[in-house]
Amino acid sequence: METELTRIFDALPVIAWIALPDGHADFINRCWCDLAGRGTEEISGQGWMALVHPDDLPAMLASWHAMVASGKPGELRVRMRHGDGNHHWHLFRVGPLKNASGHVTRWYGMDTGTGGRQQPAESSPASELDALLTIDAMPLPVAITAPSGEVRRVNRHALHYFGRSFEQLKRSKASEVVHPEDLPYIISAQSKAYETGSTYNVQSRHRRSDGVYRWFNVVGMPLRDAQGHISCWMHLLIDIDDQRRPEEALRTTERKLRSIIHTIPALVWSARIDGSVEFFNQHYLDYVGLSAEQVADWGWKAAVHPDDLDGLADSWQLIMASQAPGETEARLRRFDGEYRWFLFRVNPLRNEAGHIIKWYGISIDIDDRKRTEEQLRRSEAFLAEGQRISMTGSFSWCLDDNEVMLSDELYRIFGFDHDTTVTLDRIAGRIHPDDATLHADKKSDAREVGSDHDYEIRLRMPDGSVKHVHVVSHCAQGRDGQREYIGAIQDVTQRRASEETLGALRSELARMAKINSLGALTASIAHEVNQPLSGVITNASTCLRMLAADPPNIEGAIETARRAIRDGHRASDVITRVRALFSRKSSNTERVNLNDATKEVIALSQSTLKASRVTLKTDFCQDIPPVTGDRVQLQQVILNLLLNASEAMNGVDDRPREILVRTEVDEDARVRLTVQDSGVGFESEGLGKMFETFYTTKSSGMGIGLSISQSIIERHQGTLRAQANNGPGATFWFAIPRAGSDMRTTTSDSDATAPLLRAARVAGSL
Ligand code: ADP
């Protein structure tokens, strides 16, 4: 209603207002708005009531509505709240504007005496009658109750708001019209007021006819009779719902936020800019088992492990100085006394000017993670230590992308720097040139076949030294289907060196033993032959002496010549027996499975073959028939052939050192064993002499192995042969008849040849 009048009213330096005939405030001038520090909308309607001092409101409303009811001018004395929050006394003069027919069309009010904090002269209290007459005209719910609290009257506005008749309202329970949550509060305020006779003022929610609860400022005041006794109570319900809602919403949000912070399963806290803690959530307090008072400011330190306190305090100071988010770790004591590791993470909160006004922190339990990390670290340390002590490193090689990973120990074995990226080429560069073919073969085998590997190879280190390593690996399928070789490599250089020393010692020992045994054999023969020979010499000398006597003793000479002949025969017998030794039949005859006998020999000679880096392959006939013979002697032959084959490859470095052992049944139905090597082989003239006793082409050879072997095989009615291969190397084989149904029995040696036979066996077995 922008009229000339309102513009004038706005310009007035005092509070002025215009109300409708029913008392509803229609226009509030600028001076009032400025004084109250509120907008026009907030004060218009019934909003101004919130500015009136609650103690003055009932009386003022009573006077005002009495005025409206009578249509006569009057005065209103009230304390109004100003923008500074204080109440100031005002005296309003109010007058009606009537139309031609005498009806009031507007009310005008103006402040005629702002009295500051001082109360103007006491106005006479409104009488009960006045009040009763005027409450119906009031534009807000009003109830009159007896001093006991029993409802006497309610105005029309109240009936309309609650949607009930007066009788219904009287019968209604308080809980039907008041919000259950507010009921205890309002009841206690009223009972206290009834008891003391003083005004009460509460905020509560009341149920509208449509079921909606609205917030009201309920003001109750006693009305007294002429004697000053309370005759009744007037209860005014001033609707403040529109103001309360946003506040309520804010409070609800805050409440929710608080309950979230308290129930969040983490330890949450906030600190002031000086670092002292201002807030801990419930979870934190429950965890450390301390009260909010106990942990306030710096009290929280009590829950930190004494050993971690200084570190935590230092880190906290550093984070604050950096003015940036940060984190640190420390142990916190749980309510039950157990310390657990926590990660403290903190973020600053800044104001609009960018200054830090608070710190917000969260403490996360990382104890289990720490424990796992520690266990992992320890098991890694164990593994590394185990690898170092056993000089074994592990590796993985992905066949698809050729990515190679080595353990620390393997870096050491290969002599790679830790920051080197290891590639297949780098590894190949470390392989000894003589083993390059073996390495290449194993690599292509891995790619094409994917079989498990177990072999030894040499490395040549940058300083020229040679290392022997033992490689064991297995092809596995990775998670994403990639083929990967996982394996271990052991540095066996020291072991190899000791084995070589041991091997050299062993062969030296064998040579000495051979010589000794041969010596023993020779001594035995000499001893056996010497006796009859000296008999021959003695007898022959005696015979000569007898013939040279005068007269010659013919009879004696004949006798001594006979003795000489007898001794000569005796010597000849010894020689025959020694020869018979080499052509003697098997002494321990049994059924022998040549496959099994050969496997035992291979097992025995494995370490010798390995030391010579010889690869042995076998091709056994599965259903080989048994042979009859001396198992030990046959094994001596096999061992001799195997060692000869290995020795024939000693100088071979340009090709694999390979031996193939095969068993089969030959065209004559005999059982045949073949030993084929890739060694130096022999010339055709060698073939003729090889089986002769004492023929050898080796510096430390004895030249009796093949001759003894041949005599053993012949004794088994078999044949031993040699032939040069088409390619490099030689092939030796023997064939003996398969066992018949008859088993030959053991032939016992004569007592006289027993020592000779024993010596010959020892010599032959070496
Ligand atoms: P030794 O081994 O002590 O020399 P042997 O009687 O076992 O005595 O062998 C005699 C010779 O036969 C050897 O010195 C060697 O010249 C030759 N010989 C034996 N086996 C082989 C072989 N596999 N390849 C080439 N030559 C061989």
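As the structure lists them, so they are numbered: ligands from 1, and atoms in each ligand from 1. Quantities reported herein were computed from a predicted structural model and do not represent experimental measurements.
- Each of the following atoms of ligand 1 lies closer than 4.0 Å to a heavy atom of T696: 1 (P), 4 (O), 14 (O).
- Not a single heavy atom of G686 sits closer than 4.0 Å to an atom of ligand 1.
- Annotation: L706 places an N or O atom under 3.5 Å from an N or O atom of ligand 1; distance criterion only.
- Ring pair Y485/H453: centre-to-centre distance below 6.0 Å.
- Looking at H468 and D491, their side chains never bring a donor and an acceptor atom within 3.5 Å of each other.
- At a heavy-atom cutoff of 4.0 Å, ligand 1 is contacted by no atom of F691, backbone or side chain.
- When only modelled atom types and interatomic distance are considered, S407 and Q387 share a side-chain donor-acceptor pair under 3.5 Å.
- Across Y695, F682, F732, heavy-atom proximity to atom 10 (C) of ligand 1 is greatest for Y695.
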Tell me which donor-acceptor pairs under 3.5 Å the side chains of residues 428-441 have, and how far apart each pair is, sequence neighbours excluded?
| from | atom 1 | to | atom 2 | distance (Å) |
| --- | --- | --- | --- | --- |
| R430 | NE | F414 | O | 2.5 |
| R430 | NH2 | F414 | O | 3.4 |
| R430 | NH2 | G415 | O | 3.1 |
| H432 | ND1 | D434 | N | 3.1 |
| D435 | OD1 | R458 | NH2 | 3.0 |
| D435 | OD2 | R458 | N | 2.8 |
| D435 | OD2 | R458 | NE | 3.0 |

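- When side chains are defined from C-beta on, L594 counts as touching F734, because their heavy atoms get closer than 4.5 Å.
- N725 places no side-chain N or O within donor-acceptor distance of the main-chain N or O of G727, the cut-off being under 3.5 Å.
- Of the listed options K698, K689, M690, M649, M690 places a heavy atom closest to atom 11 (C) of ligand 1.
- For the pair D677 and ligand 1, a heavy-atom separation below 4.0 Å is found.
- Considering backbone and side-chain atoms alike, S707 places every N or O at 3.5 Å or more from each N or O of ligand 1.
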